[in-house]
Amino acid sequence: MSKLMNVYNRLFKHFGPQHWWPGETRFEVVVGAILTQNTAWTNVEKAIKNLKKEKMLNCRKIANMDIKKLEKMIRSSGFYKQKAEKLKRFCRYLDKNYDSNLNSFFNRSPDEIRTELLSLNGIGNETADSILLYAGEKLKFVIDSYTVRMCERTGIKKVKTYHQLQDFFEKNLPKDIELYKEFHALIVELGKNFCRKKPRCDECPLKNICKYGLSVHD
DNA sequence: ACCCAGGTGGCCC
DNA sequence: GGGCCACATGGG
């Protein structure tokens with residue numbers, strides 16, 4: 001078994017299934033992916049709840065809505081001025097080029113879609129891959145700061161760039177979309193529980209393979 | 001009173 | 001290619 005699968009099994013055994021991504025529709029997943037940038041998910045939930053309540057969780061509506069009104073509705077997700085612009089930019093783009101239809105948007109090769117997502121200001125590597133994996137059902141492994149930290153501390157992989165780490169995961173894991181979804185979610189859960197400023201390494205499911213043992217961090 | 005969250009882009013060297 | 005910074009609310 002690969003070292004990565006060993007890690008996955010440890011995490012799954014410890015935390016159980018994470019059921020990511022929460023969201024009733026593909027569009028909701030995309031909106032969440034943009035709003036959750038460097039922000040706690042609970043703050044994003046409130047913003048999405050507001051959009052739903054006002055029946056504004058809709059691509060064409062957001063594409064055309066007043067920016068100030070949008071800012072107010074997503075305020076709880078933080079960086080709300082930037083995020084309102086990002087959301088509108090994506091929605092305008094999708095409406096203009098794909099008639100607001102995500103099925104059409106995703107009906108191409110992952111790399112083609114990825115390039116297109118990255119061309120939109122406000123969507124970087126992680127957000128693009130989250131959208132591809134969780135909304136588009138594409139085989140793209142999502143890398144985030146927790147993934148980098150986990151790889152450094154366990155000595156799984158020396159980290160250089162986003163793409164190098166992503167290649168490493170994609171080459172050493174079975175080509176299974178559900179596994180990709182679950183693994184990324186589990187790594188986030190690991191990070192939230194054990195890799196903060198006050199770590200609890202004694203209870204960490206990776207304590208036996210983390211090269212830093214119980215005392216050294218970052 | 002801190003710390004930090006399911007990042008990104010701009011600017012500098 | 002890396003290092004630093006602004007962006008902002010809300011929970012522990």
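Being a predicted model, the structure only gives us computed values, none of them experimental. Order of the sequence lines sets the chain letters (A, B, ...), proteins ahead of strands, with each chain counted from 1.
Side-chain contact annotation: Ser77(A) with Asn43(A), donor-acceptor N/O pair under 3.5 Å absent.
Within the structure, a side-chain polar atom (N or O) of Tyr146(A) is placed less than 4.0 Å from OP1 or OP2 of dG6(B). Not one side-chain nitrogen or oxygen of Tyr134(A) sits closer than 4.0 Å to the OP1 or OP2 atom of dG6(B). Contact between the side-chain N/O atoms of Asn121(A) and the OP1/OP2 oxygens of dG10(B) is found at a separation under 4.0 Å.
Distance noted for atom P between dG10(C) and dT8(B): 22 Å (whole Å). Taking atom P on both dC5(C) and dG6(B), the two are 23 Å apart, rounded to the nearest angstrom.
Picking from dG2(C), dG6(B), dG10(C) the nucleotide with the shortest atom distance to the side chain of Thr161(A) gives dG2(C). Out of dG11(C), dG1(C), dT9(C), the shortest distance to the side chain of Thr42(A) is found at dG11(C).
Protein atom CG of Leu70(A) is 13 Å distant from nucleotide atom P of dA8(C), rounded to whole Å.
Under the side chain to side chain donor-acceptor pair (under 3.5 Å) test applied with Asp129(A), the options His184(A), Lys140(A), Lys138(A), Arg114(A) reduce to a single match, Arg114(A).
Among the heavy atoms of the strands lying under 4.0 Å from Lys81(A) are primed sugar atoms or P, OP1, OP2 only; no base atom is included. Within the nucleic acid shown, Leu118(A) has no heavy atom closer than 4.0 Å to any nucleic acid atom. At a threshold of 4.0 angstrom between heavy atoms, the contacts of Ile187(A) with the nucleic acid are absent. Nucleic acid contact class of Phe79(A) (heavy atoms, under 4.0 Å, all strands): base. At the heavy-atom level, Gln82(A) lies under 4.0 Å from base atoms of the strands shown.
Criterion: ILVMFWY side-chain heavy atoms under 4.5 Å apart, direct or through other members. Under it, Ile177(A) and Phe141(A) are part of a common hydrophobic cluster.
Aromatic stacking is not marked for Trp21(A) over dG6(B), as the cut-offs of 5.5 Å for the centres and 30° for the planes do not both hold.
With salt bridges taken as basic N to acidic carboxylate O contacts below 4.0 Å, none links Glu85(A) and Arg92(A).
Annotation: of the two residues near DNA chain C, Thr39(A) and Lys46(A), the 5′-most nearest-nucleotide partner is Thr39(A).
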